[in-house]
Amino acid sequence: MTVRGRVTLGVLIDSLGPDVVRVLSLPRGRETPVGAPVIYDPEDTAKNLGDAVLLVAGRPSAELLARAGEAGVAVVVVKPGACDTDALAEAARAAGTALLAATPDMSWGQLYTLVDALLALVAPAEDLSASPAADLFALANQVAIRVGGAVAIEDLAMRVLAYSTVEGQQIDELRREGILGRRVPEHPTNTEEYTAVLRADGAVWSYQPIEFFPRLAIAVRAHNEALGTIWAVQAETPLAPDAAEILAEAARAAAPHLAKINLAADEARRHRDECVGRLLRGIGPIRELATSFGLLPDEPLSVVTVGSHRRPADTFAATHTGDLLRTAYTSYRIRAAAGAVDGHAYAIVAADAALPLLRRVTADTLDRAADRLGGHWRAGVSRTVSSVALLPTAARQAEEALRTLCGPFATARVAGHEELSATMFLMDVDAAVRGKQSMYGEPLRLIAEHDLKHGTDYIRSLRVWIALHFDVPRAAESLSLHPNTLRYRLRRIGEMIDLDDPDTRLVLALQLRLNDAAGID
């Protein structure tokens, strides 16, 4: 079986990600070339399996791995529940064949489709000016030669899918970092520049960030749907006069490949989100699912959920925010399973809920979500639970924390369930009395009526006095009054209600707080 383009085992593993496969054995390293996926059929021995990605259903054996090695199979994929993975890993090393374990919850058909679509990254491209490109990398090189500048092809998440390697063509530090990290570096101008490219009908110039070379860019589309972008760097030598037309041809040639890549990414994301949802609800083989995400079934775990303040749940925004959470935690080596479930982003994190780094990284993610999606974002954090079996409880706590943060009584952006207990109590009280006479009745009503009839400011005086823990000097200073003036007001209020009674003070404080939250003076 011939190798399709430049796909290596390392590229395949990185593309599928730890949510789909984990490595058991790599006897020949990550640079082993891989070919098309094949579902193993013991009755069909006539297949040419050289370089194959062999998907083995049922119970694999050491003998099967030995035969796979003799046939030149690049990698065998198994499911851990059906075999002794340690013994199989040893057999794979002896056979010289890589061995991967697929997540238990993904069907072999799904995995076959996913691998096949990912290989489209380097599948043959359409003809470009009668010079066929072997893959997206070759397409980038062809375009770079014709336009006279280095070229990169990216998806909508600003991941660098392919780039040119034409000798002598200059690139700047921004492009260099993008190639090394396979993702465009974060910059304040990114949103504006990419939005301009995706809205344009043809190629447009980008001069931001100003400290780097200018770029000519075009959106890649299929059926009017944006799939990605192509960027050509103009270094010291101007690009070809027809560079815009060349990029338009390249965009048409790249479209089918990016469509397949997006399909594969969507399938992987959908599967990942389903698995995250099952973990949060405690459905299915949760220990195996946790292991597939790199989490230990019996280690301390916390749940983080993110949503927009006072905006309905949005599947697209949740999916994008889930990706932001996953990227952020991974960059700080915080193990986590992240995804979108029921319109909100969730992350199951192998960290204590009170860990300062977790809070800081989560807060930074809220900033990025606001920059890219608009709005004001909040993150609720559960209490730390001892094992994966308690994740449904942690999920409910994170959801309660998020609802509280999005309510009228909280001001923080990231907070845990435990520290929000008082605010949750206020929400329960508010829900119980909202719309009832007790919320607006005595003792508050008597003072409000006096203010209305006599033009006094007793309500405000009480609000400040109570908020400052009944400290007259501090409250007077806040109100710009002499302390004796405030004492006089409190004596007059005391003639209407019993301010010395602790229950009266408590009810008055609650009435003021609930009416403040409702926006009622």
Side-chain angles (χ1 to χ4, degrees), residues 5-6 120-179 182-185 187 189-210 212-262:
R6 297 171 182 242
L121 175 62
V122 288
E126 290 181 354
D127 182 87
L128 183 67
S129 298
S131 179
D135 52 41
L136 282 181
F137 282 90
L139 175 62
N141 276 331
Q142 288 184 16
V143 176
I145 292 170
R146 294 182 63 198
V147 302
V151 168
I153 302 174
E154 303 171 10
D155 66 9
L156 292 177
M158 296 191 290
R159 288 187 292 260
V160 179
L161 302 176
Y163 51 89
S164 62
T165 55
V166 177
E167 188 175 354
Q169 288 187 341
Q170 289 179 276
I171 60 173
D172 52 29
E173 190 59 30
L174 185 68
R175 173 62 55 82
R176 187 172 292 106
E177 288 184 25
I179 290 172
R182 299 306 295 269
R183 183 185 293 273
V184 176
H187 194 278
T189 64
N190 282 353
T191 300
E192 180 182 351
E193 294 304 302
Y194 278 79
T195 299
V197 174
L198 293 172
R199 285 179 177 173
D201 293 330
V204 295
W205 282 98
S206 172
Y207 297 97
Q208 298 289 339
I210 58 175
F212 301 114
F213 291 139
R215 286 155 167 76
L216 183 63
I218 193 168
V220 179
R221 292 188 175 87
H223 306 294
N224 294 321
E225 179 183 354
L227 303 172
T229 53
I230 302 177
W231 299 74
V233 173
Q234 177 173 275
E236 297 175 359
T237 303
L239 297 182
D242 59 345
E245 290 77 12
I246 296 171
L247 286 188
E249 291 179 43
R252 289 191 293 272
H257 303 300
L258 267 63
K260 289 182 180 180
I261 293 167
N262 287 350

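Just so you know, residue 1 is the first one in the sequence shown, and it goes up from there.
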- Message: Using every non-hydrogen atom in the two residues, find where L198 and A219 come nearest and quote the distance to one decimal.
- Response: CD2-CB, 4.0 Å
- Does the side chain of L156 reach to within under 4.5 Å of the side chain of L227, using non-hydrogen atoms? no
- Nearest heavy-atom neighbours spanning V166 and A144: CG2-CB, 3.9 Å
- Between L136 and A254, the two heavy atoms sitting closest are CD2-CB, 4.2 Å
- Item | Check: L239 main-chain N/O paired with Q234 side-chain donor or acceptor under 3.5 Å | yes
- Message: So Q170 and E236, do their side chains get closer than 4.5 Å, heavy atoms only?
- Response: yes
- Message: Does this structure show an ion pair linking E249 with R252, if we count only N-O contacts that are shorter than 4.0 Å?
- Response: no
- Task: Working to the nearest 0.5 Å, report the span between CD of E225 and CG of L258.
- Result: 11.0 Å
- Query: Using the ring of each side chain (for Trp, its six-membered ring), is Y194 parallel, tilted or perpendicular to W231, with breaks at 30° and 60°?
  - Reply: tilted
- Under a 4.5 Å cut-off applied to non-hydrogen side-chain atoms, are D155 and V160 in contact? no
- Note on the structure: Closest heavy-atom pair, A217 versus V197, reported as atoms and distance to 0.1 Å, is CB-CG2, 3.7 Å
- Item | Flag side-chain contact, heavy atom, 4.5 Å: R215 against V151 | no
- Query: Heavy atoms, side chains only, cut-off 4.5 Å: are V143 and S164 in contact?
  - Reply: no
- Task: Could you walk me through whether I218 and T229 pass side-chain contact (heavy atoms from CB on, under 4.5 Å), step by step?
- Result: CA-CA 6 Å; I218 193 168; T229 53; over 6 Å; no
- Item | Nearest-0.5 Å distance that lies between atom CD in E177 and atom CD1 in I171 | 10.5 Å
- Closest heavy-atom pair, Q169 versus G148, reported as atoms and distance to 0.1 Å, is NE2-C, 3.7 Å
- Message: Are the side chains of F212 and R175 in contact, using a 4.5 Å heavy-atom criterion?
- Response: no
- Side chain proximity check, E154 to L161, heavy atoms < 4.5 angstrom: no
- A244 and L216 have their tightest heavy-atom pair at N-CD2, 3.8 Å
